[in-house]
Amino acid sequence: MNKEIRNEINKLKEQHNTIILVHNYQIPEVQDIADFLGDSLDLAMKATKTDAENIVFCGVDFMAESAKILNPDKNVIIPDADAKCPMAGMVDPNRLKQLMKDNPDAEVVSYINTTAEVKALSDICCTSSNGTNVVKSTSSEKVIFVPDRNLGAYIQRFTPDKEMILWPGICPTHHEIRKDQLLKIKEKHPKAEILVHPECRPEIIDIADHVLSTNGMVGHAKKSDVKEFIIGTEKDICYRLKNENPDKVFYPIKTAICPDMKKITLKKVLNSLRTLEPKVKLDDDIMEKAKMPLQKMMNIGRGD
Ligand code: 13P
Ligand code: SF4
């Protein structure tokens, strides 16, 4: 059944001049049909470099929206329009405007996990790969950082000369990862390195060997001499890690699941390729304003 669906996906993809971009947290079957598999920054960059007319984005809303903002003339299609990152919805633009008014000397750095409306209010965006370099690049001493307070607190460790005002947002999937879950696995596998995403709580960051974006984890696992890794992020990245490093062992946090990333299925991808729907639609004015902070982020490039 999956084979038939995959064959039809490949046929329609060519017919419609489409590429399929897939985030590292997608379910294994969807990872398998990717033209490009990557993290938020990598996929945003790939989206700007393709000649394809249509982009099917297998990820969550803010990722597909970023691809659209960077390519307003292309069709960007997200196979399930309900796949929405809850953290991206945690910033109320009016409250942010008030905070900006109260701190006129602050620059606004928004994590790419935000709505287009919030990006449009921002000076620059960042991802988990380049957050520290982005904050360092700001010219003001004060920074309003939205929405992830865990990522913000992590960046603050490397930017002591900046006063960072942290929005109280979190990623439910990463915030729920507990120190004792990681330590229990470490007790059983003492040689394993602990790799965690910067969206984790500070006490998790403290016990990690490396704090990395999802592509940072992929790159590190590949070049490291270590053979075992405990992976403190969404569990399905372990499918990619295992595929690309068959001689190494990856221990996932079994409870670390992003329900919205799991909404995209092979059948929904097929349906999107048949109908070229649902398309990402954004207000032209918002897109225009949101492009500059994203572009500035891309100019900074990767930090890991
Ligand atoms: P990455 O950019 O590291 O893939 O992170 C995206 C994300 O949503 C993490 O939860
Ligand atoms: Fe959003 Fe967290 Fe899911 Fe990433 S893992 S998409 S931050 S809810």
Side-chain angles (χ1 to χ4, degrees), residues 21-27 30-31 34 36-47 57-67 78 80-91 109-115 118-119 125-134 145-152 154-155 167-177 195-201 204-205 208 210-221 231-241 252-264 294 297-298 300-304:
L21 301 184
V22 178
H23 186 265
N24 292 323
Y25 293 162
Q26 290 289 292
I27 58 171
V30 173
Q31 291 193 31
F36 295 107
L37 185 57
D39 68 0
S40 315
L41 185 57
D42 198 26
L43 295 174
M45 286 173 163
K46 285 277 174 352
F57 207 117
C58 301
V60 287
D61 54 351
F62 74 85
M63 297 177 178
E65 286 176 8
S66 299
I78 179 159
D80 187 330
D82 282 333
K84 293 178 190 293
C85 166
M87 177 162 65
M90 286 179 191
V91 185
V109 177
S110 65
Y111 192 23
I112 196 169
N113 303 42
T114 43
T115 60
V118 168
K119 286 185 180 77
C125 296
C126 74
T127 75
S128 56
S129 161
N130 61 10
T132 299
N133 291 345
V134 166
F145 188 86
V146 295
D148 186 11
R149 70 166 201 248
N150 286 336
L151 175 63
Y154 174 67
I155 294 171
W167 195 269
I170 49 108
C171 158
T173 304
H174 287 87
H175 201 65
E176 274 163 25
I177 297 177
L195 310 185
V196 308
H197 196 275
E199 288 174 14
C200 291
R201 291 167 186 257
I204 303 277
I205 303 289
H210 299 280
V211 180
L212 296 160
S213 67
T214 59
N215 263 29
M217 290 183 191
V218 171
H220 176 80
I231 302 298
T233 191
E234 217 276 351
K235 70 173 188 52
D236 275 341
I237 192 179
C238 291
Y239 178 71
R240 175 173 181 186
L241 289 167
I253 303 296
K254 289 185 181 138
T255 53
I257 299 167
C258 172
D260 283 271
M261 284 281 181
K262 310 293 103 150
K263 287 182 179 166
I264 311 286
L294 273 175
M297 167 193 86
M298 309 249 285
I300 288 189
R302 297 201 67 87
D304 54 10

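Counting starts at 1 for both ligands and their atoms, in listed order. The structure displayed is predicted, hence computed values, not measured ones.
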J.: Mark up the atoms of ligand 2 that fall under 4.0 Å of a heavy atom belonging to P86, in ascending order.
T.: 8 (S)

J.: Please confirm whether N113 comes under 4.0 Å of ligand 2, counting heavy atoms of the residue only.
T.: yes

J.: Is the shortest N/O to N/O distance between N113 and ligand 1 below 3.5 Å?
T.: yes

J.: Check this for me - ligand 1, S213, N or O atoms closer than 3.5 angstrom, yes or no?
T.: no

J.: Do you see a donor-acceptor pair shorter than 3.5 Å between the side chains of Y25 and T233?
T.: yes

J.: Please write down residue, atom name and distance for the protein heavy atom closest to atom 7 (C) of ligand 1.
T.: E199 OE2, 3.6 Å

J.: Please verify whether a non-hydrogen atom of H174 lies at under 4.0 Å from ligand 1.
T.: yes

J.: I want to know if ligand 1 touches S128 in the polar sense, i.e. an N/O pair below 3.5 angstrom.
T.: yes

J.: Which atoms form the tightest heavy-atom contact between I205 and P198, and what is the distance?
T.: CD1-CA, 3.9 Å

J.: N/O/S atom of C85 under 2.8 Å from atom 3 (Fe) of ligand 2, yes or no?
T.: no

J.: Tell me, please: is E234 in heavy-atom contact with ligand 2, that is, under 4.0 Å?
T.: no

J.: Quick test: of every protein heavy atom, which one is nearest to atom 2 (Fe) of ligand 2, and how far off is it to 0.1 Å?
T.: C171 SG, 2.3 Å

J.: Is the closest N or O pair between N24 and ligand 1 shorter than 3.5 Å?
T.: no

J.: Just to confirm my output: which protein heavy-atom neighbour is closest to atom 3 (Fe) of ligand 2, and how far is it?
T.: C258 SG, 2.4 Å

J.: In terms of atom number and element, which parts of ligand 1 are under 4.0 angstrom from non-hydrogen atoms of Y25?
T.: 7 (C), 9 (C), 10 (O)

J.: Could you please spell out the steps behind the side-chain contact (heavy atoms from CB on, under 4.5 Å) verdict for I112 and K119?
T.: CA-CA 8 Å; I112 196 169; K119 286 185 180 77; 4.0 Å; yes

J.: Is there a side-chain contact between T127 and D39 (heavy atoms, below 4.5 Å)?
T.: no

J.: Please identify which atoms of ligand 1 are closer than 4.0 Å to at least one heavy atom of D39.
T.: 1 (P), 2 (O), 4 (O)

J.: Starting from atom 5 (O) of ligand 1, which protein heavy atom do you reach first, and at what distance in Å?
T.: H197 NE2, 3.3 Å

J.: Considering only the protein, which heavy-atom contact is closest to atom 2 (O) of ligand 1, and what is its distance?
T.: S40 OG, 2.7 Å

J.: Within ligand 2, which atoms have a heavy atom of E199 less than 4.0 Å away?
T.: 2 (Fe), 7 (S)

J.: Looking at ligand 1, does H23 have a heavy atom less than 4.0 Å from it?
T.: yes

J.: Should T127 be counted as touching ligand 1, given the test is an N or O pair under 3.5 Å?
T.: no

